[in-house]
Structures are given as C-alpha cells and as structure tokens.
There are 2 protein chains.
Amino acid sequence: MSRPLAHPNIEDTTVAGILHALADPLRVAIVRELLNAEARLNCTQVTNRLEVDLPKSTCSQHYRILRESGLIISERKGVELTSRVRVRELEARFPGLLQSILNAYEQETAKTQQ
Amino acid sequence: MSRPLAHPNIEDTTVAGILHALADPLRVAIVRELLNAEARLNCTQVTNRLEVDLPKSTCSQHYRILRESGLIISERKGVELTSRVRVRELEARFPGLLQSILNAYEQETAKTQQ
DNA sequence: TTCCGTAGTTCAATAATACTGAACAATAAA
DNA sequence: TTTATTGTTCAGTATTATTGAACTACGGAA
C-alpha cells in the first residue's frame with residue numbers, strides 16, 4: 001500500500017466535496033456502516049456487512065473520495081485499512097449537515113414501502 | 001425552446017440527485033438567488049445578479065440538472081424561462097435537508113474571513 | 001529467512017459526464 | 001416580415017468514474 005494517507009484539515013473541507021461524496025448511495029452506505037459499528041472496520045468488513053460484491057479497486061476509490069472530502073479518517077493496521085467517520089469535527093464545521101443527509105436517505109428508503 | 005418541460009413528481013426525487021445537483025457551487029448560488037428573489041426570475045436575471053459570465057449553454061444545463069433533481073420548477077413566460085424552488089414539497093419529502101445544505105455553504109464562506 | 005495468503009493500491013483502458021461554441025427554435029416587438 | 005432576445009440542442013472536447021490486472025505491503029507459517 002502506498003505510504004502517505006493524506007487527510008485534509010477539517011477547515012479545508014468543502015460542502016461541495018462532502019455533497020459530492022455523499023451523492024453516491026454506496027458511499028453513504030459505507031459511512032452509515034462505519035457510524036453503526038462498535039469498533040473500527042476495515043474495507044472488507046464494511047463491504048461484507050453491506051452484502052455487496054464490488055471490485056477492490058472500486059472500493060479503494062470510494063474510500064479515497066470519502067477521505068479526501070474529509071468525511072473519514074483512515075489508518076493502516078497491518079495490511080488492513082480501518083476507517084472512522086470524523087463525526088465531531090464535521091459537526092463543528094457544518095452543524096447538522098451530515099445528520100440531515102443521513103436522515104434524508106433513510107426517509108427515501110423508508111417511504112419506498114406501500 | 002423545446003416544448004416539454006418535464007418535472008419529476010416529488011416522491012420520485014432522490015437524495016443522491018439532490019446532493020449531486022447541490023454539489024456544484026454555481027447551482028447552489030442559483031438556488032439561493034431564486035429563494036431570495038421577491039418574484040420569479042428568468043435565467044438571465046439570475047446570472048446577472050450573481051455577476052458571473054457563464055455561457056448560455058452551460059446555464060441551460062445547470063437548470064436542467066436542477067429541474068431533473070426536483071429542486072426547481074420552471075415555466076416558460078414568452079421567450080423566458082422563470083423558475084422557483086420547490087420549497088414546500090422538498091421540505092415535506094426531506095425535512096431540513098435543503099436548509100442545512102444552504103446553511104453549510106454559508107458557514108463555509110463565512111469562515112473564510114480571518 | 002523465505003514463502004504464501006490477505007488487504008488494498010496503482011495503472012491503464014474504457015465508459016460515462018460535463019463544458020461550451022455554434023447553429024437553431026420560439027416568442028415579442030418594431 | 002424582420003429583428004432582437006432568451007434559451008435549447010448538437011457536437012466536439014475535456015474531465016471524471018469504473019474496473020481488470022499487475023503490484024505493494026504486511027503478517028503468519030514453515
């Protein structure tokens with residue numbers, strides 16, 4: 001794996017970047033899974049929980065976009081890459097944004113019934 | 001101008017579509033301008049207020065994306081195209097979403113000072 | 001050590017989107 | 001009619017996204 005895992009400072013994150021990252025349902029699902037998890041999960045664990053079968057390269061790109069947008073922080077643990085959502089920082093920078101987006105996504109799927 | 005101006009039913013709008021539309025600062029600026037206006041504005045009026053000089057074709061595409069995402073409703077008034085934001089409907093479908101995104105964008109620019 | 005398996009990354013080719021100049025269509029006004 | 005205005009469509013170009021294949025890095029077994 002490449003050496004440097006660059007994360008933007010929270011004050012350098014942009015709304016456009018965050019919205020772009022979260023405009024993809026799969027990336028939203030990853031974020032939600034990371035939020036729900038008791039412990040830090042690696043990429044494989046997340047995709048397993050999501051029960052999707054996506055190519056590793058695609059997965060890697062999605063994490064890169066989430067990372068570069070400032071939504072997650074990733075760390076290497078041996079061969080694995082574990083990630084967590086930057087909840088506190090994001091809340092401080094853009095209060096309510098992440099939650100309302102996640103709410104909206106839930107609303108969308110919830111209303112599918114009937 | 002082409003005849004049919006198709007607008008999605010509000011229940012067919014998606015969060016992904018809305019986030020994608022609002023992931024572009026210019027489109028957000030258009031939405032904000034439409035929200036602030038006392039009366040319905042046409043495309044030219046909006047771009048004039050924004051003091052940007054963007055090609056007509058580009059402008060047209062942005063409006064199409066806003067329309068197809070469900071964010072705005074457009075009507076032809078003679079040669080002009082006037083638009084308004086679907087505030088009520090959006091609020092009913094995804095409560096708080098639009099406002100928190102607009103807030104976040106304001107936060108972002110506000111913090112640029114100092 | 002060396003070898004093997006696992007977890008992700010990078011590269012490159014292809015596909016899908018976005019941007020925009022130029023030609024066009026539709027309406028209003030002269 | 002003719003002309004000006006407003007926006008659309010088309011087509012070419014550029015940017016971004018997807019993904020198979022080769023690769024890197026680390027841990028564990030032998």
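Predicted model only: the values in this text are computed from it and were never measured. Just so it is clear: chains get the letters A, B, ... in the order the sequence lines come, proteins before strands, and each one is counted from 1.
Distance from the side chain of P55(A) is smallest to dT19(D) among dA7(C), dT19(D), dT6(D). Out of dT27(C), dA25(D), dT18(D), the shortest distance to the side chain of D24(A) is found at dT18(D). Listed nucleotides dG7(D), dG8(C), dT9(C) differ in distance to S60(A); the shortest reach to its side chain belongs to dT9(C). Proximity note for S57(A) (side chain, C-beta onward) versus dT8(D), dA21(D), dG7(D): the nearest is dA21(D). The V79(B) side chain lies nearest to dT27(C) when the options are dT27(C), dA25(D), dT10(C).
dT6(D) atom P lies 14 Å from atom CG of L54(B), rounded to whole Å. Between E80(B) atom CD and dG7(D) atom C1' the separation is 10 Å, expressed in whole Å. For L5(B) and dT6(D), the CG to P distance is 18 Å, given to the nearest whole Å. For L81(B) and dT5(D), the CG to P distance is 19 Å, given to the nearest whole Å. dT8(D) atom P lies 10 Å from atom NZ of K56(B), rounded to whole Å. Taking atom CZ on R76(B) and atom C1' on dT6(D), their separation rounds to 10 Å, with Å as the unit. Atom CD in E75(A) sits roughly 16 Å away from atom C1' in dC26(D) (whole-Å rounding). The nearest whole Å value for the distance from the CZ atom in R64(A) to the P atom in dT19(D) is 14 Å.
Neither OP1 nor OP2 of dT16(D) sits under 4.0 Å from any side-chain N or O of H20(B). Contact annotation: H62(B) side-chain N/O to dG7(D) OP1/OP2 distance is not under 4.0 Å.
Applying the salt bridge (Lys or Arg N to Asp or Glu O under 4.0 Å) test to every pair with at least one member in residues 34-50 of chain B, sequence neighbours left out, gives these pairs: E38(B)-R49(B), R40(B)-E75(B).
Here the closest heavy-atom approach between residue L71(A) and residue L98(A) is recorded as CD2-CD1, 4.3 Å.
For the helix from dT1(C)-dA30(D) to dA30(C)-dT1(D), the end axes, each set by the C1' atoms of five terminal pairs, are bent relative to each other by 10° (nearest 10°).
Within the 4.0 angstrom heavy-atom criterion, base atoms lie near T58(B).
A donor-acceptor pair is defined here as one N or O able to donate and one able to accept, closer than 3.5 Å; such a pair exists between the side chain of R93(A) and the backbone of T13(A).
Using a 4.5 Å heavy-atom cutoff, the side chains of R76(B) and N42(B) are not in contact.
Taken from CD1 in I73(A) to CG in L5(A), the straight-line distance is 10.5 Å, to the nearest 0.5 Å. The structure places CD1 of I30(A) at 11.0 Å from CG of L41(A), a figure rounded to the nearest 0.5 Å.
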Atom pairs and distances, donor-acceptor, side-chain atoms in residues 50-63 of chain B, under 3.5 Å, two or more places apart:
residue	atom	partner	partner atom	Å
Q61(B)	OE1	R64(B)	NE	3.0
Q61(B)	OE1	R64(B)	NH2	2.9
H62(B)	ND1	R27(B)	NH1	3.1

